[in-house]
Visitor: 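Dumping the structure here so I can ask a few things about it.
In listed order, ligands and their atoms are each counted from 1.
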Amino acid sequence: MLLTDEEQKMLNGFYGEGTKLAMKILVAVGEAYDAPKMVPVTRTHVALSNQEADLWFAEKLVAGGATCRIRPTVNPSFHLKQFQKITRIEAEDEAIVKRTHAAYNRLEAIMTYDCTPYLEKNVPRFGEVIAFSESSATPFVNSVCGARSNRESAQSALCSAITGVTPLYGYLLDENRAGEILVHVEADMTDDFSYQMLGYFVPKKTGFSIPVFEGLKNPSKEALMNLGAQLNTGGNVAMYHILGFTPEARDMKSAFQGKKPKGEVTITEADLKAMQQEISDAGGEIDFALFGCPHFTIDQIARVVDLLKGKKLKVPLFIMSSALSRNLSEKMGYMDIIREAGGELVEDTCMDQPCWKFLYGKKGITDSPKCAYYTKRRDMRFVIASLEDSVEAALKGMY
Ligand code: F3S
């Protein structure tokens with residue numbers, strides 16, 4: 001790869017061992033993808049996870065004196081103080097949260113602990129070259145914002161944050177952003193939940209190609225967030241287009257960059273219903289409800305609040321959101337309504353964290369296939385249903 005003098009200085013260790021390691025990793029990634037050079041990034045987001053390997057890497061960079069040139073926002077961990085009121089946190093889990101927090105603070109990350117940075121705090125503009133990890137984030141920034149990010153790992157995004165550059169390959173190049181498969185959507189798409197199912201189902205039909213959706217009408221930001229999160233969970237799809245709606249798909253010509261689609265598929269209401277049945281646990285009694293994977297927006301919280309007003313939940317209901325949305329919920333009286341019903345709204349938290357140990361072995365309900373997918377390995381089972389049906393089930397203790 002052709003490196004600038006500054007990049008070569010980083011690689012030679014002029015800025016210390018941490019920066020040297022970060023640049024060495026990016027050069028290796030670049031060589032693996034035949035990238036000719038590095039390009040500067042203007043934003044980064046790191047899918048921090050509290051897991052041992054992630055912490056090992058962050059601490060190694062800290063020990064090597066690294067700090068971030070392009071300070072990243074970070075993914076959720078779990079909010080110790082809020083969870084200590086809900087459950088007993090084991091000493092080893094508390095220790096790893098504190099060490100991760102300390103390491104990323106030393107690296108000078110922006111400690112947002114939120115998996116929807118593209119909606120608040122780290123919103124890219126069209127054409128910006130960025131390095132984002134987090135499976136719900138990369139499809140959103142590429143497809144909805146028209147920014148350019150590869151499907152980064154937590155580690156490669158952190159290396160870009162430290163060095164300020166990323167190898168030029170993949171989704172950074174015009175030719176790799178063209179749509180590949182035309183997807184005719186004949187399903188009703190009446191609510192944001194339909195987009196969860198569409199996103200989860202499409203890669204089963206089209207593989208990991210870039211889909212171009214035809215037939216979607218003015219999806220909400222939550223619908224777009226759901227669509228991307230599930231495309232990148234049900235499959236490995238970090239970019240999509242919606243004809244006449246997303247910025248690189250004004251029409252067929254621009255969406256496919258003048259080429260013919262490699263294939264066409266049609267998605268019906270029956271397809272989405274069948275997908276829901278296949279991945280959802282059977283109905284019956286439930287033990288809890290869990291929402292916010294990805295983090296709920298203030299509008300989604302408001303919908304839950306409307307459904308809970310003046311009622312009492314049969315089973316606990318948890319919502320995960322950003323610190324900003326939780327703060328707004330306090331100010332707007334939403335927290336009181338949620339708590340009076342018997343629910344809880346927590347910030348900074350991901351469902352794939354050990355703070356949920358008290359729910360292992362139990363059966364919940366959620367509107368997110370991603371939530372159900374990641375928690376299988378933690379022995380949590382989920383009925384997957386629309387937000388309205390899920391809240392209704394939590395009020396009755398039964399779906
Ligand atoms: Fe967010 Fe964790 Fe789900 S990062 S999208 S709550 S898996």
Visitor: Can you list the ligand 1 atoms lying under 4.0 Å from a non-hydrogen atom of Glu134?
Guide: 4 (S), 5 (S)

Visitor: Please work out which of the three classes, parallel, tilted or perpendicular, describes the rings of His45 and Phe132, given edges at 30° and 60°.
Guide: tilted

Visitor: With distance as the sole test, does Ser386 use its side chain to make a donor-acceptor pair with the main-chain N or O of Asp389 at under 3.5 Å?
Guide: yes

Visitor: Would you call the rings of Phe291 and Phe296 parallel, tilted or perpendicular, taking 30° and 60° as the class edges?
Guide: parallel

Visitor: Does Arg378 CZ have over 12 foreign heavy atoms under 6.0 Å away?
Guide: yes

Visitor: Answer yes or no: is there an ion pair linking Lys259 with Glu180, defined by an N-O contact shorter than 4.0 Å?
Guide: no

Visitor: Going by ring pair (Phe, Tyr, Trp, His ring centres under 6.0 Å), name the residues that satisfy it together with Phe288, two or more places apart in sequence or in a different chain.
Guide: Phe382

Visitor: Provide the tally of protein N/O/S atoms nearer than 2.8 Å to atom 2 (Fe) of ligand 1.
Guide: 1

